[in-house]
Amino acid sequence: MKFLASIVIVLNYIVIFSQSVKVRILSGNEIRNIQMTIYSGTYELIDEKGNVLTTLNRDQTVSISLNNNEIQCITQQDTFKTTKSFSFRGKGFINIFQLRSARIDRLYDDHLQVLLQGKSIWLINEVSLDKYVASVVQAEAGVGKEAEFFKAHAIATRTYSLKNFQKHKTENFNFCDQEHCQVYKGRCTRTDILVAAMQTHDLVLVDNNNELALTVYHSNSGGETAAAEHIWGKFVPYLLQKKDSFSVGQSQYNWTKKINKQEWLLYLKKNYSYPIEDPVKVKEVLSFRQPSRKIYLAEQIPLKQIRIDWKLNSTFFDIYEEEDHVVFKGKGFGHGVGFSQEGAMQMARLGFTYDEILEFYYPNTTITRLDKIGFKFNP
């Protein structure tokens with residue numbers, strides 16, 4: 001019976017991790033030299049025609065470099081060259097590789113493709129979706145401890161990923177590892193997060209049209225989420241402005257920033273032709289209050305642009321005059337739309353389940369399985 005149970009566990013593991021995505025990793029770096037070491041499993045080095053060039057075992061290292069418009073892969077025994085690409089395909093049960101350079105030291109799961117792209121090397125990590133989801137959750141919200149929070153975040157992350165599955169289609173990968181896709185820093189090292197991704201395998205959120213929801217998230221709503229149309233100009237029926245008491249008092253709830261008063265007024269005059277010679281108008285931008293989230297300052301000046309230009313934590317702030325400065329006293333961190341990570345953590349601490357957390361932050365959505373909406377990884 002124990003033997004049969006072990007077989008079931010292995011089969012479940014294979015099924016769960018069979019769906020893969022392609023992620024361009026270390027995409028913020030211009031890569032010309034990097035070391036790859038086999039951390040676990042066995043890898044085959046394969047050329048662009050599918051020929052197996054060599055087999056690499058645990059602790060073996062390959063030096064990958066760009067030389068005279070060729071990629072070189074140097075092992076202890078051989079040197080291989082190409083003007084196109086190499087692939088490292090894991091053949092073991094658990095395949096992990098390590099990438100190292102002067103500034104980089106990360107572990108990754110599954111497979112690696114090395115491409116020549118202009119005068120740089122591109123690295124594409126082909127990794128199972130659930131491992132990718134777990135890694136993103138750890139990178140985006142690894143300070144959490146609550147299982148229900150991790151489950152909720154895993155579903156939101158998976159849904160967001162698949163909603164944007166073709167984002168980099170023309171570049172022949174699905175996502176990059178930067179914030180505008182989702183932050184991805186290599187393999188997940190926390191068992192509880194990986195378990196949450198496995199337990200919610202195949203679960204996604206859909207809207208009333210049975211289409212994948214846009215499950216955006218942020219650090220802290222400041223006590224009130226923002227409506228999508230107020231931030232991005234498009235109404236989304238499940239990304240609404242609503243009170244969020246769960247985010248109140250959490251670590252990213254309050255913030256303060258001081259700006260020189262004259263610099264602030266000159267900024268408004270230069271960028272928005274604001275009449276800073278008018279005392280009444282000046283008072284409006286030196287004493288501004290948001291008991292509830294607003295879209296504009298005065299004269300239809302968008303708060304979201306002020307946030308960008310002055311690198312503020314959120315658009316949810318009040319302005320006070322203080323001698324020769326203006327003080328921005330704000331609430332929340334991030335764009336404020338959708339899922340508040342700190343609010344969701346608090347909900348989990350209070351005993352809410354993952355589906356209740358998702359229902360609160362994404363009203364008018366439903367949790368379903370991928371096969372119910374006919375999603376195809378290889379259309």
Side-chain angles (χ1 to χ4, degrees), residues 129 133 136-137 140-141 144 146-167 181-182 196-197 199-248 250 290 292-295 303-304 314-316 331-376:
L129 176 60
V133 166
V136 169
V137 172
E140 296 275 7
E146 298 72 28
E148 294 302 301
F149 164 73
F150 288 138
K151 292 177 191 177
H153 207 312
I155 293 172
T157 297
R158 183 180 296 107
T159 306
Y160 186 87
S161 301
L162 298 181
K163 180 76 171 178
N164 293 279
F165 192 65
Q166 303 295 348
K167 191 169 187 175
C181 282
Q182 288 178 111
Q199 289 176 334
T200 60
H201 168 70
D202 223 25
L203 294 182
V204 291
L205 278 177
V206 295
D207 61 18
N208 290 334
N209 295 317
N210 207 36
E211 295 181 355
L212 288 168
L214 180 62
T215 49
V216 290
Y217 50 87
H218 57 279
S219 293
N220 188 301
S221 71
E224 184 176 71
T225 61
E229 67 266 28
H230 295 166
I231 304 299
W232 300 308
K234 181 180 179 180
F235 172 74
V236 181
Y238 48 85
L239 298 177
L240 308 174
Q241 183 168 338
K242 62 181 294 188
K243 294 297 181 183
D244 172 21
S245 62
F246 303 106
S247 292
V248 176
Q250 306 304 316
Q290 288 191 77
S292 185
R293 282 184 179 268
K294 296 181 180 180
I295 310 171
L303 295 173
K304 65 178 182 179
S314 72
T315 61
F316 199 8
K331 292 181 285 187
F333 196 108
H335 50 65
V337 183
F339 183 98
S340 166
Q341 291 168 319
E342 291 192 340
M345 287 181 202
Q346 179 64 2
M347 290 186 74
R349 292 187 200 106
L350 294 173
F352 289 89
T353 58
Y354 73 88
D355 53 328
E356 292 172 326
I357 294 170
L358 293 171
E359 183 180 3
F360 178 79
Y361 285 111
Y362 305 113
N364 306 314
T365 63
T366 304
I367 299 173
T368 190
R369 308 200 75 87
L370 274 177
D371 59 0
K372 299 295 184 183
I373 61 172
F375 184 88
K376 297 185 183 300

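Side chains included, hydrogens not; waters and symmetry mates left out as well; all remaining heavy atoms used. Numbering of residues begins at 1 and proceeds along the displayed sequence.
Counting heavy atoms from C-beta outward, Phe360 and Phe352 have side chains that stay 4.5 Å or more apart.
A side chain to side chain contact (heavy atoms under 4.5 Å, CB included) with Thr159 is found for one member of Leu214, Leu358, Thr215, Leu370 and no other, namely Thr215. Checked against Thr368 for a side chain to side chain contact (heavy atoms under 4.5 Å, CB included), the options Val206, Asp202, Leu205 give a single hit: Val206.
Within the 3.5 Å criterion, the main-chain N or O of Ile231 finds a donor-acceptor partner in the side chain of Lys304. Of the possible donor and acceptor atoms, one in the side chain of Thr157 sits under 3.5 Å from a partner among the backbone N and O of His153. Without hydrogens or angle criteria, Thr225 side chain to Leu240 main chain gives a donor-acceptor distance under 3.5 Å. With hydrogens and angles ignored, the 3.5 Å screen pairs a side-chain donor or acceptor of His218 with a backbone N or O of Val337. Between the side chain of Tyr238 and the backbone N or O of Gly338, no donor-acceptor pair lies under 3.5 Å. Judged by distance alone, the side chain of Glu224 and the main-chain N or O of Arg293 form a donor-acceptor pair under 3.5 Å. Between the side chain of Arg158 and the backbone N or O of Leu203, at least one donor-acceptor pair lies under 3.5 Å. With hydrogens and angles disregarded, a donor-acceptor distance shorter than 3.5 Å links the side chain of Asn364 to the backbone of Pro237. The backbone N or O of Glu211 sits nowhere less than 3.5 Å from a side-chain atom of Asn209 that would complete a donor-acceptor pair.
Taking all atoms of both residues into account, the shortest heavy-atom contact from Val133 to Ala197 is CG1-CB, 4.4 Å. Contact detail for Ser340 and Ser247: the closest heavy-atom pair is OG-OG, 2.7 Å. For the residue pair Glu342 and Gln250, the shortest heavy atom distance occurs at OE1-CB, 3.1 Å. Of all non-hydrogen atoms in Ala156 and Tyr362, the two that sit nearest each other are CB-OH, 3.9 Å. Nearest heavy-atom pair across Val248 and Gly223 is CG2-CA, 3.8 Å.
Atom CD of Gln241 has more than 12 heavy atoms from other residues, nucleotides or ligands within 6.0 Å. At most 12 heavy atoms of other shown residues, nucleotides or ligands fall within 6.0 angstrom of atom NZ in Lys372.
Atom CG in Asp207 sits 8.5 Å away from atom OG1 in Thr365 (nearest 0.5 Å). If you take OH on Tyr217 and CD on Gln182, they are separated by 3.5 Å, rounding to the nearest 0.5 Å.
Using a 4.0 Å cut-off between charged nitrogen and carboxylate oxygen, Lys234 and Glu229 do not count as a salt-bridge pair.
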